[in-house]
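So that the names make sense, note that chain A is the first sequence line, chain B the second, and so on, each numbered from 1.
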Amino acid sequence: MTTATLYKTQLIKHCIEAASTIHDECAKILSAKDQYDPVVITETSLAGCGPALVDLLSRQANIVHSLYQNEGQTASSKVIITDQEETRTLQIYNLALKRLEDIASIAYTKFYAYLFKDLPVYWRQLYTDARILKFCLLLLRSPYTIQREPDIGSCHDAVASTHKHDCLDELVRTLDLALILAGAAGERTGRGWIDRALELLRLIWVAESEDGKTSADDDNRPSKRAKLVEDLVASNTGDGRVPIATFSTNEPFTPPVTHPIKKLEALSIDEFQTYMDRPGDPKLGPGPLIIRNSLNEWPALSTHPWNRPSYLLSQTFGGRRLVPVEIGRSYVDEGWGQKLITFGEFMREYIDHTSCSPVSSNRISNNTQLNPEPHNSTTPPHKPTAYLAQHQLFTQLPSLRNDILIPDYCYTLPPPHPTDPSIAQPELSAPLLNAWFGPPGTISPLHNDPYHNVLAQVVGRKYVRLYAPLFVSRLAARGRENGVEMGNTSTLDVGVLEGWDERAGEDGGELENAEAIEEKIAEFKALPFVDCILEPGDALYIPIGWWHYVRGLSVSFSVSFWWN
Amino acid sequence: MNLYSAGFNAWQQLQFSSLSDSKDELDDIASFQRVLSDKLINIQYASLTCTIVETSTGIRYAGSVDEGVETGLKQKLLSSKAAVAGNGVIAIYDGHDTITQHTSLLQYAESGTSQVFPDMHNIIQLIAYETGFVALSGDGEVWTWGDERYAATLGREITAASPAERPGLVGDLQDLPSGKIRKIAAGGYTLLALTEGHDLYAWGGHPARQPILEWLSSSPSPVDVDESDILDCSMGETHIIVLNMAGDVYVIGENTNGQLGLPLERATKWTMVPLCPEEEAIVGVKAGQRSSFIITKNAHFI
């Protein structure tokens, strides 16, 4: 048995298990006594979706299961399927695919109706289970499963390599939607199942590419595997363009650092604890601090270099993994929106056009974006900024998680907020990790967070400016805007007030005379702050409640660690 | 009378004849099909999963009946005196002057604390959409309340005195040229109001999506459907169906489940439904979340 066949068998088994598990869970709910008694509906059970949807999901799980059984029997018994039977099976298959899409879209409408924090988990689980079953169906008609005959396992018609690509794109996308939009909810299937399915699929993909080039025995040599991964990535380029080796360090604009933050070399965890416990001014609490050379052990900065586009692509399934990106200059600007695109498309379209080639022309219709295109979606004359910001990328992509290490500093006991203890959040059991990856010019507008933060710089340089919580009354915090509490964000636009950026769309569109503007600028410039430019390998400690403005200067990739 | 239906049919919610015991999955109905004939047909309730119709021989049910209907709320849900929003919130009119609101069916069942909105008199319709409610009084007053994040659906100014989460009067629907509002409809993030003089008004919208009606805004504005007078209207989650005085049915919106009854992916402009059954006159339209219904009467009896 080839390696590929081994993994294919495992993935098939994995899918059959999912179909059984989902069907069983639904069956339990439907047969529960007093199923119409709303008191029986628990907080987390799928039952909260109502018996109709649970029944519909159950029926599809059953269909997936029997389609797999039929496929398995046919493959082993080599029975000839009549055209009529094949047509009937295809009908059943297509209707099931449609119903799973319906279930997902019904669950998805709930994501908007509730505040995300109030969204009952059963809607997220319903979405996740529907996507998992859809993946199982897509797999069945893809080249990544065990064929009855060589030419039957194609997505649509021929097994052209472009169709093979599309299959893979859609297979990955289906599960990534569940991960990103619904947090892959579900105890028995959910994230664990999805991570394993994607890993098996990836192993099949790698094994098949290797099988094509050498015999199966060779695929255990690590150096060969690494080279082949790069080849796989290179083969995506298709148009013969040579991808760049590392990201550009070009900085279209570099602001001056005028009030440098204190820098210290690689503090130990005890030294850092001391730093926090004995601040210069006890009323203000510990101030921001740059710690140099504390990230030297990170593979991301050495053996698995994140500043190589080809490496990042290889860790994102050839750039196929979906990521949520923010489009627009800053999240308080008009026209700002969020979009789900593949990592490859993000890198190619927004980070660095030379980093990889255009993808194949068969794009899958994008009807499941976080938000669809804004109304006036004619392409702007210049490309808007896109920012992969505040995303739990490392939960979604466990392989990248292995390239970073949680700084020891996140295991210290931090002080409370110096002026407003009510801001404190429930204690985190582990630090929250977020990824921040974008082209030059990404902006996080002046805001503060209810956690202590270590901001680790991995690729490129970033400008950060901080204002103490003490000055909150002069920082023009926002109120409730469009039903969302924005009190942690300032109305002050640092870039505009400093003269680095043109005034964008005005908040409230008030016309102000030159005098009023001058006055505002003067007031702003009178506020004390500290600032810095972070280099790769630096870690910036941002104490809880400290207002910060962050601006990417070159292509930049940072990781933030929130803890309390 | 005859009932025609099109749209989402995963639970056989569009068909009243019990098909064979076959366990086969049913597909959606892509073009209007006659599904019921009776001396009397009155659609009392059409949701995502079920349809409830009053006939001369009693109440007929199709599909998987909603949990709310299974509880003591049934009468009120069927008579438009109670409604459940997309976010689970339930609003109930007591028949006199108060609307109470519960955050979920569970909370209602457990008689948990609820919100009370007094001074709501003579409410003849209480309808929900994804994130809020709209109520119509016998005097033609329209009240809206719901989630402030979707302020456009409220059709009125949000102020401290008139916040989003408590019923507020939609002033723009008072003193209209063609008289008072006699019917309201709502679904998804769009709301409709129909005047006595057959003018249709619409407002709403989701901040991140293309609206169903091109010019839809937070202010109720008149809707032009082929310059005709509108007799009846109904709103699904992403589609609208109307009946004009000439007896023609028009639809607009999404068609992912065949709810428009037309061979299109979606209709961005008002499109007439080519249903002209012989000897029948169309007398009413109704929309479920992802389905549409057309009711006809024998032409001789009009």
Is [X] close to chain B through its backbone or its side chain, or both, or neither, when contacts mean heavy atoms under 4.5 Å?
{"X": "A:Leu119", "answer": "neither"}
{"X": "A:Asp102", "answer": "both"}
{"X": "A:Gln91", "answer": "neither"}
{"X": "A:Leu56", "answer": "both"}
{"X": "A:Ile92", "answer": "neither"}

Q. With a 4.5 Å limit on heavy-atom distance, are the side chains of B:Arg290 and A:Ser105 in contact?
A.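 Side chain of B:Arg290 against side chain of A:Ser105, heavy atoms only: contact under 4.5 Å found.
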Q: Would you indicate whether the side-chain heavy atoms of B:Glu130 and A:Thr109 approach each other to under 4.5 Å?
A: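 SC-SC contact between A:Thr109 and B:Glu130 confirmed.
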Q: Against chain A, work out which of B:Thr49, B:Asp147, B:Asn257 has the most heavy-atom pairs shorter than 4.5 Å and name it.
A: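 Highest number of heavy-atom pairs under 4.5 Å: B:Asn257.
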For [Y], is there any backbone N or O sitting under 3.5 Å from a side-chain donor or acceptor partner on [X]?
{"X": "B:Tyr150", "Y": "A:Tyr112", "value": "yes"}
{"X": "B:Arg149", "Y": "A:Tyr114", "value": "yes"}
{"X": "A:Lys110", "Y": "B:Gly86", "value": "yes"}

Can you tell me if [X] has over 12 outside heavy atoms packed within less than 6.0 Å of its [atom1]?
{"X": "B:Glu157", "atom1": "CD", "result": "no"}
{"X": "A:Asp83", "atom1": "CG", "result": "no"}
{"X": "A:Asn94", "atom1": "CG", "result": "yes"}

**Q.** Heavy-atom closest contact (B:Leu48 atom, A:Ile106 atom, distance)
**A.**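 Distance-wise, the nearest heavy atoms are CD2-CD1, 3.7 Å.
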At a heavy-atom separation under 4.5 Å, does [X] approach chain A through its side chain, its backbone, both, or neither?
{"X": "B:Tyr108", "result": "neither"}
{"X": "B:Ala151", "result": "neither"}
{"X": "B:Tyr129", "result": "neither"}
{"X": "B:Glu237", "result": "side chain"}

Q.
What verdict does the salt bridge (Lys or Arg N to Asp or Glu O under 4.0 Å) test give for B:Asp28 and A:Arg99, after you've listed the backbone C-alpha separation in whole Å, the side-chain angles of each residue and the deciding distance to 0.1 Å?
A. CA-CA 10 Å; B:Asp28 295 331; A:Arg99 287 300 176 228; 2.7 Å; yes
(Q) For the interface with chain B, which of A:Gln60, A:Arg480, A:Lys98 has the highest count of heavy-atom pairs at distances below 4.5 Å? (A)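 Most pairs with chain B among the choices: A:Lys98.
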